[in-house]
Structure formats: C-alpha cells, structure tokens
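Quick notes on the structure that follows.
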Amino acid sequence: MSDSIRWGILGTGGIARTFTTDLRAAGLEVAAVGSRSTESAEAFAAEFDVPRAHGSYEELAADPDVDVVYVASPHPFHAEHALMMIAAGKHVLIEKAFTVNAAQAERIAEAAREAGVAVIEAMWTRFLPHMVRIREIIAAGTLGDVRTVLAEHDQDLPDDPAHRVNDLALGGGALLDLGIYPVSFAIDMLGLPTRILAHSTMSATGADRQTAIIFEHEGGRQSVSHSALDAAGRVGAQVIGTDARIEIDPWWYGATGFRVVAPGGEVLEEYTDTVESRGMQYEALEMERVIRAGEHTSPLMPIEQSVAIMHVLDRIREQIGLVYPGEQGSVS
Ligand SMILES: NC(=O)c1ccc[n+]([C@@H]2O[C@H](COP(=O)([O-])OP(=O)(O)OC[C@H]3O[C@@H](n4cnc5c(N)ncnc54)[C@H](OP(=O)(O)O)[C@@H]3O)[C@@H](O)[C@H]2O)c1
C-alpha cells in the first residue's frame, strides 16, 4: 500500500493551476479537484491529469481518498472553505491572506484544534530554500544585531474594478494581496510589532491601491514595507544588521538569490537560486512532513502566528479605513 499523501485542490483559478503544476513536477499525489462547477473541475482534471473531478466543494470534502486540501479561493472565502474541509477531517493548506480578519482566523484555529487536523498558511516564501538559508545565516550571528527590514512589493495589476484585486467583495486591495508578504517577512525576521503606523491611498472601489507601513519591533528595531497595485517596482528586500546586511534579489518573495554584504560593501556570501519550478512544492512538502509527524502546524509558519498576523492586519486596516463587506463599519 502506498503511503503517499493525497492532495485535493479547492478552486481552479490562477494559483491553483500554478500550485498543481509544481506538485506534479515534484511527484506529489494530486488525487482530486473541487470546483463550484463540474465543467471547470473536469477541465482542470483533464489538463493536470487529476483522477477525480468534483463539481462542488462539498463533494471534495466528502471524498474519503483526500487527506489534505489546498484552499485556493479568494481570501474572503478561505474561512468558509477551510472550515468545511476541517469539519470533514481534512488537513488544510490555506492561501494567503490566511483570512480577511482575525476573527475568521481564530475560528479556523479553534476548529483545527478540536478536529486534530494540521493547518498551515500557504505563505510559500517562508518555505523557499533562500529563506531557509537566510534564517540560518541570521541564527549564526553573521549579521550581528538585526536592526532593520526593508521590503517592497509593488506590482502593476489589472485596474478593472471587477478584478479580484480591486473588488472589496473578493478581498481586493494591495495590503491583503501584496502587502501581506513584506508584513509576514518583517514579522518572521523581527517578531510581532510593538507599534504600527500605516497609510494608504485608496482606489475608486474602496480598496487600498498603495499602502506604506512602519513597524517598530522589540528593542527599537524597525521595518518599513510598501505595497502597490498600480505600478511595478523592483520588488527587492534587505535585512540589515550591525555587522552585515542581506540584499535579496527581485522578486525577493519568490525563489531567488541574495548576497551577504559587509558594511563596507565586501560580499561575504553569494547565494544563487537553483529552484527550477516556481517553488510552491516546498510548502506542500512541509505540509506532508507535518502530517506524517502528527504535528498541528509548521514551525516555519505556525498557525498561531498566522492568527497574530491577522490581528496586525486588522490594526493596519483600522488606521487606513479599509472595511470589507459584512464587517459592519469596523474590522473583525
Ligand atoms: N501564493 C501565491 O503566489 C499567490 C498568487 C496569487 C494568488 N494567491 C492567493 O490565492 C487566492 C486565489 O487567487 P487567484 O489569483 O488564484 O484567484 P482566481 O484566479 O480568481 O481564482 C480563484 C478561484 O477561487 C474559486 N472561487 C470560489 N469562490 C469564488 C468566488 N465567489 N468568486 C471567485 N472565485 C471563487 C474559483 O474556482 P472554481 O470556479 O473552480 O470554484 C476561482 O477560480 C487568493 O487568496 C490569493 O491571495 C496566492
């Protein structure tokens, strides 16, 4: 009997396709796909050679031959879809942003605890080889005292008001789509913020089109991040310590290279990217390790930190005045 872990894919959109491509290339077992429509499920199954196509998410949840579900719907639906899968006893890997607000994130964490299933936020950056190496370098003390994180995620995305990134009903806005990466990175490097200062400019749909965030972290450390939907930037990042800094190449949040640079400019280490795919299999492989080990989440992206990050995002949204449908005037 095979001991392979059987993946189910929830949703057939852009990132579900990329994720499934990487899983197949890495030799992982994609057993089923679920879609709101039978046609989409069947087309996806045919294209990616997936054995079972379900024409509803409920059918995917009821599939006994699925162990873990990758939730790839727009973020306002992550909680509903993750809770449906958890209730069916599935482990879940949930796309970023984990949810729209902290209240939803708390509900997922509680349900997972009660059901005894594993949950990881699919913040794929955390699992990529260059990030693993960066954490090793920092742990070894090469940077000295890490004082500052600078990270930018500016893209030129469609300005169609009905597009997911602009429509509030689909979780639109730079913060939850793009800003989540530098926010999560800063917290990974420096811990949760002790002070938050945020400012956005809004688009006509009410979604934030640009958001700038300053965090103060313990010990007077700072991180500065910027995200934008309306103009493409370099998408670089730096981690700056008293003895050296790390300069991460664009796009810093995907598989890429970096240099460790001394204050005087001498390159102490050069890391070259060798990942041939987009690199989404690393989060899936970590999910498989967590399931096999009987753990409830990953130390690289613990569910407790995903919940804490949603609280931070709620506080940012209070400052920038970003309220999603159904939140009735205040976040959460
Ligand atoms: N990790 C990354 O690099 C990355 C990149 C892009 C996006 N994402 C995240 O992944 C999620 C999906 O993004 P995407 O770009 O793949 O979006 P997308 O192309 O619009 O696809 C979303 C899919 O979700 C399903 N869905 C369920 N309820 C829906 C609803 N009410 N309206 C629209 N679609 C609905 C649909 O699948 P069915 O029709 O088959 O049910 C749809 O194809 C978002 O949370 C986003 O932040 C992550």
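By convention here, the first residue in the shown sequence is residue 1. Atoms within a ligand are numbered from 1 in the order they appear, just like the ligands themselves.
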Which is it for Asp177 and ligand 1 at heavy atoms under 4.0 Å: side chain, backbone, both or neither? side chain
Is Tyr181 close enough to touch ligand 1? Criterion: a residue heavy atom under 4.0 Å from a ligand atom. yes
Hydrophobic cluster membership, Val275 vs Val235, 4.5 Å side-chain cutoff: yes
Return a yes/no value for Ser40: is any of its N or O atoms, backbone included, closer than 3.5 angstrom to an N or O of ligand 1? no
Should the heavy atoms of other residues, nucleotides or ligands under 6.0 Å from CZ of Arg292 be counted, would the total exceed 12? yes
Starting from atom 45 (O) of ligand 1, what is the nearest protein heavy atom, named by residue and atom, and what distance separates them? His75 ND1, 2.9 Å
For ligand 1, which atoms have a heavy atom of His78 less than 4.0 angstrom away? 45 (O)
Check ligand 1 against Arg278 and write out every atom of the ligand that is under 4.0 Å from a heavy-atom position of the residue. 2 (C), 3 (O)
heavy-atom search around atom 5 (C) of ligand 1 in the protein gives Ile15 CD1, 3.3 Å
Tell me whether ligand 1 is touched by Met123 - counting only heavy atoms on the residue side and a distance under 4.0 Å. no
Heavy-atom distance under 4.5 Å between the side chains of Gln104 and Phe98, does that happen here? no
How far is atom 21 (O) of ligand 1 from its nearest protein heavy atom, and which residue and atom is that? Gly13 CA, 3.2 Å
Gly11 heavy atoms within 4.0 Å reach ligand 1 at atoms 37 (O), 40 (O)
Salt bridge present between Glu283 and Arg126 (N-O < 4.0 angstrom): no
Is any NZ, NE, NH1 or NH2 atom of the basic residue among Glu110 and Arg113 found under 4.0 Å from an Asp or Glu carboxylate oxygen of the other? no
Record the part of Trp124 in heavy-atom contact with ligand 1 below 4.0 Å; permitted values are side chain, backbone, both and neither. side chain
Quick one, Met301 and Glu286 - any side-chain contact, counting heavy atoms below 4.5 Å? no
Would you mind telling me which of Phe19, Tyr70, Phe48 makes a ring-ring contact (aromatic ring centres under 6.0 Å, His included) with Trp7? Phe19
Member of Asp159, Thr201, Asp230 meeting the side-chain hydrogen bond (donor to acceptor under 3.5 Å, both in side chains) criterion with Arg209: Asp230
Centre-to-centre under 6.0 Å for Trp251 and Tyr181, is that the case here? no
Between Lys96 and ligand 1, which part of the residue brings a heavy atom under 4.0 Å of the ligand: side chain, backbone, both or neither? both
Is any side-chain heavy atom of Tyr271 less than 4.5 Å from a side-chain heavy atom of Pro129? yes
Test: Glu327 and Arg317 ion pair at under 4.0 Å: yes
Electrostatic pair Arg259-Asp249, nearest N-O below 4.0 angstrom: yes
Minimum-distance protein heavy atom relative to atom 39 (O) of ligand 1: Arg36 NH2, 3.0 Å
Proximity to ligand 1 by part of Leu170, non-hydrogen separation under 4.0 Å: side chain
Side chain, backbone, both or neither: Ser37 near ligand 1, heavy atoms under 4.0 Å: neither
Does Glu39 have more than 12 heavy atoms from other residues, nucleotides or ligands lying within 6.0 Å of its CD? no
among protein heavy atoms, the one nearest atom 17 (O) of ligand 1 is Arg164 NE, 3.2 Å
Would you mind checking if Asp22 and Arg278 are paired as a salt bridge, meaning a charged N to carboxylate O distance below 4.0 Å? no
Look at atom 27 (C) of ligand 1 and find which of Tyr57, Phe77, Tyr70 reaches it with the closest heavy atom. Tyr57
Looking only at protein heavy atoms, which one is nearest to atom 19 (O) of ligand 1, and how far off is it? Gly14 N, 2.9 Å
Starting from atom 23 (C) of ligand 1, what is the nearest protein heavy atom, named by residue and atom, and what distance separates them? Ala72 O, 3.7 Å
protein heavy-atom neighbour closest to atom 11 (C) of ligand 1 works out as Ser73 O, 3.2 Å
Can you tell which of Gly279, Gly55, Pro74, Ser35 gets a heavy atom nearest to atom 35 (C) of ligand 1? Pro74
Min heavy-atom dist Arg17 to ligand 1 below 4.0 Å: no
Hey, which atoms in ligand 1 end up nearer than 4.0 Å to a heavy atom of Met280? 1 (N)
